[in-house]
Amino acid sequence: MTYANETRRRRTFAIISHPDAGKTTLTEKLLLFSGAIQIAGSVKARKASRHATSDWMEIEKQRGISVASSVMQMLYREHVINLLDTPGHKDFSEDTYRVLTAVDSALMVIDAANGVEAQTRRLIEVCRQRDTPIITFVNKMDREVRDPLDILDEVERELGMPCVPMTWPVGQGKSFGGIINLRTKAMTVFDSGSERLPQDFETIPLTEQAQLAERFGLEWQTAMDSMELATGASPAFDEAAFLAGKQTPVFFGSGVNNFGVMEVLDALVDLAPAPKPRTSNLIVNKQPVVKEIQPEDSAFSGVVFKVQANMDANHRDRIAFVRMASGKYTPGMKLKVQRTAKELRPTSVVTFLSQRREAVDEAYAGDIIGFTTHGGVQLGDTITDGANLQFTGLPFFAPELFMTVILKNPLRTKQLQTGLDQLGEEGAIQVFKPEIGGPMLLGAVGQLQFEVVQHRLKAEYDCDVRLEGCQYTGARWITADTPAELREFTNAYPQRMSLDAAGTLAYLCTSPYDVRLAQERFPKIHFHPLREHAGLALGSAN
């Protein structure tokens, strides 16, 4: 049996950007135009102030930023679109990196005034490593912004790939007149207002040159000249090059005014790829055999790329977000967690619209489904309906910041342990347990992670903790060729040994020299700055 017809209808993509480029606003508008929500900002807080649908965590509402990636599914033009909104803040880049392993394409949002910013560069790098196709949306054209040719030039330099304009702006800021759609050969006239729907905008075919020139004057002429320059310098759109991550189609608009968004939604259906094959290690006679799993295969398989505790504070639930890689999911299926060989018995299986959930009747490769569990599932776990295989590639980065956890009320030790176990498994922070005992250590990529974890420990586990600085400035996961070599090393550095949330051994260091000296002393020990789940270490030793 093959599910090719269903998998071809799927589009799974992540929205990436620097903070404040308008990513969450664009997410809202894509949901609005697909009919998934009726009003933008439709999650209501107690005081009925509107918050973005994709920002559900209490701390996100307080700060107005996304600190956890969220998943939304919508139907548009007979296609099932799975949209993953990622945190833009650099302190949560780990969550974003993991989300990027679960998607087939990315939508990059760029602020037209600021161009390509620091966090966008990092995310581009991850996309490029995976050859992820990128669609670019240049946002905020209704403000005073940079020249579109400048922006294209910068995107090309930063991405290292040519831009192919799909729409082109006429004017900017107060004189922003609209966009020329190079695919439909028509101009859509800009009209501000966040309640407007795509059909409310006036469209004039490019054959009406005289009318357009008279109506938009100098802005029209300037736009035509710069568009000619841009299209003359750009290659024609090449589907194969785009799918290989070698060129990016570019769209202009204003997300907050619902303008230029429909063109992006259409491009996601027309241009973005359907689910692709995924590489797995099939275990045969205890030996790994690399195999390509095709999305249309009949056997169910998927990978856990995110675990979120307490999405519903009343039920203390934990949801494992699974990107389906092949097959079909139906309720009541017998599923197995490959790492433990245990049966997965979820209490419910759902698809998402941020906090709104719906029970899954059926799902196919490319879909993101949530298994509600009470433990037993970790980031990176492969879930199948029986086949022995292991998907790879979910990264954990060695933290650069460390804090010691001090519990203010010692009677809450059990709750603290539960909280740290769950937040560690979730990947919200890295938790290290020193082998010789003593307080737990938290490792983070960014300072804000500590604040979020401290807030969540109090709000979700009723644990008031103080975070204190410690001497550690880094960690390296360690492996050795033989158990005897590993034992000799751990005996030499008992104070530095710790176990992370997955039970993987790590060496804590106080400076880069620590690793170098330890490496010289024990040349057969491998130090890894990156690891995959389940103790599989990656990356060059350094």
Side-chain angles (χ1 to χ4, degrees), residues 6-17 21 23 26-27 29-31 33-34 54 69-86 88 96-110 116 120 122-139 155 158-167 183 237-251 253 260-279 294-295 303 305-306 321 323-325 364-368 393-394:
E6 284 295 338
T7 59
R8 276 199 290 266
R9 291 174 59 217
R10 264 65 188 172
R11 300 288 183 272
T12 305
F13 74 98
I15 295 199
I16 61 173
S17 81
K23 177 169 51 68
L26 185 61
T27 301
K29 300 313 166 82
L30 292 170
L31 291 169
F33 292 172
S34 69
S54 54
S69 50
S70 48
V71 179
M72 285 142 280
Q73 189 179 70
M74 51 192 169
L75 272 170
Y76 178 66
R77 281 178 43 197
E78 300 301 309
H79 285 72
V80 179
I81 297 176
N82 295 291
L83 181 160
L84 286 80
D85 178 21
T86 60
T96 304
Y97 292 144
R98 287 194 280 266
V99 164
L100 288 172
T101 67
V103 299
D104 302 301
S105 57
L107 174 57
M108 176 170 72
V109 185
I110 287 176
V116 180
T120 319
R122 277 181 154 198
L123 298 172
I124 288 166
E125 198 48 50
V126 178
C127 290
R128 292 202 60 193
Q129 284 166 7
R130 306 179 63 80
D131 295 328
T132 306
I134 298 172
I135 293 172
T136 302
F137 180 68
V138 181
N139 195 18
V155 171
E158 295 288 350
L159 276 177
M161 67 174 90
C163 293
V164 182
M166 292 289 183
T167 64
R183 295 172 80 202
F237 178 72
D238 178 334
E239 187 182 19
F242 163 64
L243 294 178
K246 299 281 188 285
Q247 62 168 230
T248 178
V250 181
F251 297 81
V261 177
M262 203 67 184
E263 289 77 1
V264 173
L265 195 50
D266 283 325
L268 286 163
V269 168
D270 298 338
L271 309 179
K276 300 173 189 165
R278 292 174 86 85
T279 305
Q294 301 298 325
V303 65
F305 68 92
K306 178 179 172 62
F321 290 73
R323 153 68 197 239
M324 282 184 59
Y364 298 88
D367 286 340
I368 310 290
L394 200 74

| Can L75 and V80 be said to form a side chain to side chain contact (heavy atoms under 4.5 Å, CB included), step by step? | CA-CA 5 Å; L75 272 170; V80 179; 3.7 Å; yes
Close side-chain approach of [X] to [Y], heavy-atom, < 4.5 Å:
X: L100; Y: T132; value: no
X: F321; Y: V99; value: no
X: L26; Y: N139; value: no
X: L159; Y: M108; value: yes
X: I15; Y: L30; value: yes
X: N82; Y: V103; value: no
X: T248; Y: F242; value: no
X: T12; Y: L84; value: yes

Measure the [atom1]-[atom2] distance between [X] and [Y] for me, rounded to the nearest 0.5 Å.
X: K246; Y: M161; atom1: NZ; atom2: CE; value: 8.0 Å
X: T7; Y: M324; atom1: OG1; atom2: CE; value: 10.0 Å
X: I81; Y: Y76; atom1: CD1; atom2: OH; value: 8.0 Å
X: R8; Y: H79; atom1: CZ; atom2: NE2; value: 10.0 Å

Which heavy-atom pair separates [X] from [Y] by the least distance, and what is that distance?
X: V109; Y: S17; answer: O-CB, 3.2 Å
X: L243; Y: P273; answer: CD2-CB, 3.6 Å
X: L268; Y: A272; answer: O-CB, 3.1 Å
X: G366; Y: P275; answer: CA-CG, 3.6 Å
X: R128; Y: G160; answer: NH1-CA, 3.9 Å

| Of R323, R11, K276, R10, the residue whose pairing with D104 passes side-chain hydrogen bond (donor to acceptor under 3.5 Å, both in side chains) | R323
| said: Please determine whether side chain to side chain contact (heavy atoms under 4.5 Å, CB included) holds for the pair F251 and T136, giving the CA-CA distance in whole Å, both sets of side-chain angles, and the decisive distance to 0.1 Å. | reply: CA-CA 6 Å; F251 297 81; T136 302; over 6 Å; no
| request: Evaluate the criterion salt bridge (Lys or Arg N to Asp or Glu O under 4.0 Å) for residue pair R77 and D270; output intermediate values, then yes/no. | output: CA-CA 10 Å; R77 281 178 43 197; D270 298 338; 2.6 Å; yes
| request: Determine, stepwise, if the pair F237 / L271 fulfils side chain to side chain contact (heavy atoms under 4.5 Å, CB included). | output: CA-CA 10 Å; F237 178 72; L271 309 179; 3.7 Å; yes
| task | Would you check if the side chain of D367 reaches a backbone N or O of Y364 as a donor-acceptor pair within less than 3.5 Å? | result | yes
